[in-house]
Protein chains: 2
Amino acid sequence: MSRVQAAIDHAENSCKSRGVKLTNKRRQVLSGLLQSNKAKSAYELADYCKDKFGQKLPAMSVYRILEFLEEERLVHKLNLANKYIACSHITCDHDHGISQFLICANCQTVKEITVKKSTMNTLKRSVEGAGFDLVSPQMELNCLCHDCKNQAA
Amino acid sequence: MSRVQAAIDHAENSCKSRGVKLTNKRRQVLSGLLQSNKAKSAYELADYCKDKFGQKLPAMSVYRILEFLEEERLVHKLNLANKYIACSHITCDHDHGISQFLICANCQTVKEITVKKSTMNTLKRSVEGAGFDLVSPQMELNCLCHDCKNQAA
DNA sequence: GTTGCTGATGATACACCATATCATTTTTTC
DNA sequence: GAAAAAATGATATGGTGTATCATCAGCAAC
Ligand SMILES: [Zn+2]
Ligand SMILES: [Zn+2]
Ligand SMILES: [Zn+2]
Ligand SMILES: [Zn+2]
């Protein structure tokens, strides 16, 4: 079974156990995100579904579906790029903490990581020293992936 | 002399020494950013100039002016919110390093800080461990300022 | 002072992202 | 199968950002 199919099956079960439905359209959008490691916009996903499944999917529906998938913790929204990406822990059963996202500025590949708690604590103290409180430490960092870095060299 | 006026005078001199001109429109946009500690969108700045100076300023011009001000290191663009803020080091003569921005999710107040080099290095190592290179470590962090935090309590 | 150059600004059109609203379809529930 | 609920569709609209071409202001040369 393909990696994508396995992830979808897992998501299907997860939804069932939470009492919500992973409908056909929702599966299509999710598969659009799963079959690539790059972030995709809502409109790109609409195009993907039209091309791949021959079903016209209005933007409005895509946004609603993405909202649903986000609530079910199957995808993440990247606010920096206004794009979405499948959660890389989609086949884990445990709920993961806050993630940081490394976005390649050249090829848009995204990697979801969790930095060490101690690092986050240090950062948090820096922020508190400035009179602020970190509420949602989902960081999105402008990076270069090693492929692109080597290519440039 | 007001804090805003002092900053504008300083910017004026800085531009002169760099061989570029801080024109009237550019001064108006800059003053719009200086007179508040909240980030403003290009369109908000256009409105501000129209209200305050009675001059219609097309969006296109605002974007060009903001681009200019960014190049002259007088303002920063916050990519997370698609807004702009005056550099808080505008009256310093030294060139500052990379800043991090703390954005209050409630009142949009922005604070520009520089986290300790050691913290950034730790973060950088985390990123490199994931096969990426940090290229532009300007972080924009979702926070609550203490005013808003106390208010909520 | 007028010609011509350059930098700055204006006007218009357009693409993309996102949401509001109301209509329709599909699924559940009884 | 009718009523209720959930999901999806259709249409319009607003915000953000850019492309393109036109105009204007300042300044140097002649
Ligand atoms: Zn995740
Ligand atoms: Zn890359
Ligand atoms: Zn600054
Ligand atoms: Zn606040």
Side-chain angles (χ1 to χ4, degrees), chain A residues 11-12 15-16 18-33 38-50 52-72 74-85 103 105 108 140, chain B residues 11-12 15-33 38-50 52-72 74-85 103 108 140:
Chain A
E12 185 100 49
C15 283
K16 200 169 289 177
R18 288 165 60 95
V20 295
K21 272 170 301 183
L22 191 65
T23 64
N24 201 35
K25 304 272 183 192
R26 287 169 178 170
R27 249 196 311 272
Q28 289 176 9
V29 170
L30 181 57
S31 79
L33 287 172
K38 299 190 199 307
K40 287 192 159 59
S41 75
Y43 283 81
E44 284 167 349
L45 287 164
D47 288 347
Y48 173 84
C49 288
K50 183 146 138 280
K52 181 95 173 186
F53 306 106
Q55 306 209 12
K56 204 175 96 185
L57 193 52
M60 187 69 251
S61 294
V62 179
Y63 280 107
R64 275 189 295 233
I65 287 171
L66 287 168
E67 193 181 346
F68 168 87
L69 294 173
E70 230 188 326
E71 269 164 19
E72 301 307 315
L74 298 170
V75 313
H76 294 287
K77 175 173 188 182
L78 298 179
N79 295 303
L80 208 52
N82 290 319
K83 298 197 174 180
Y84 299 81
I85 190 156
I103 308 174
Q108 281 71 56
E140 300 168 29
Chain B
E12 184 100 49
C15 284
K16 200 170 290 177
S17 76
R18 288 165 60 94
V20 295
K21 271 174 295 186
L22 190 64
T23 65
N24 201 36
K25 305 272 183 191
R26 287 169 177 171
R27 249 195 312 273
Q28 289 176 9
V29 170
L30 181 56
S31 79
L33 287 172
K38 299 190 199 308
K40 288 192 159 61
S41 74
Y43 283 80
E44 283 167 350
L45 286 164
D47 288 346
Y48 173 85
C49 287
K50 183 145 137 282
K52 180 94 172 187
F53 306 106
Q55 306 208 10
K56 204 176 97 186
L57 193 53
M60 187 68 251
S61 294
V62 180
Y63 280 107
R64 275 189 294 234
I65 287 170
L66 287 168
E67 193 182 346
F68 168 87
L69 294 173
E70 232 190 323
E71 269 165 18
E72 300 307 314
L74 298 169
V75 313
H76 294 287
K77 174 171 190 182
L78 298 179
N79 295 302
L80 208 50
N82 289 319
K83 297 197 173 180
Y84 299 81
I85 189 153
I103 309 174
Q108 281 71 55
E140 301 168 28

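Just so we're on the same page: letters track the sequence lines, and every chain starts at 1.
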Could you check whether the side chain of Y43(B) and the base of dG14(D) have a donor-acceptor pair of N or O atoms closer than 3.5 Å, going by distance alone?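 Counting by modelled atom types and ignoring angles, no donor-acceptor contact under 3.5 Å is found here.
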
Report yes or no: is there a donor-acceptor pair, N or O only, under 3.5 Å between the side chain of R64(B) and the base of dG7(C)?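 Looking at the base of dG7(C), it does not pair with any donor or acceptor on the side chain of R64(B) (distance under 3.5 Å).
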
Measuring to OP1 and OP2 of [N], would you say a side-chain N or O of [X] lies under 4.0 angstrom away?
| X | N | value |
| --- | --- | --- |
| S61(A) | dG9(D) | yes |
| N82(A) | dA18(C) | yes |
| S41(A) | dC16(C) | no |
| K25(B) | dG10(C) | yes |

Closest to the M60(A) side chain: dA11(C), dA20(C), dC17(C)?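 Minimum distance to the M60(A) side chain belongs to dA20(C).
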
Polar pairs (N or O, both sides) under 3.5 Å between protein and nucleotides 24-30 of chain C?
none

Sequence neighbours excluded - side-chain hydrogen bond (donor to acceptor under 3.5 Å, both in side chains) pairs with any residue from residues 54-71 of chain B: K25(B)-Q55(B)

Contacts of type side chain to side chain donor-acceptor pair (under 3.5 Å), residue E140(A), not counting sequence neighbours: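 Partners of E140(A) under the side chain to side chain donor-acceptor pair (under 3.5 Å) test: Q138(A).
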
Under the 3.5 angstrom rule, does the side chain of R26(B) hit a backbone N or O of L69(B) as a donor-acceptor pair? no

With side chain to side chain contact (heavy atoms under 4.5 Å, CB included) as the test, pick out the partner of L45(B) among K50(B), Q28(B), K83(B), K40(B). K40(B)

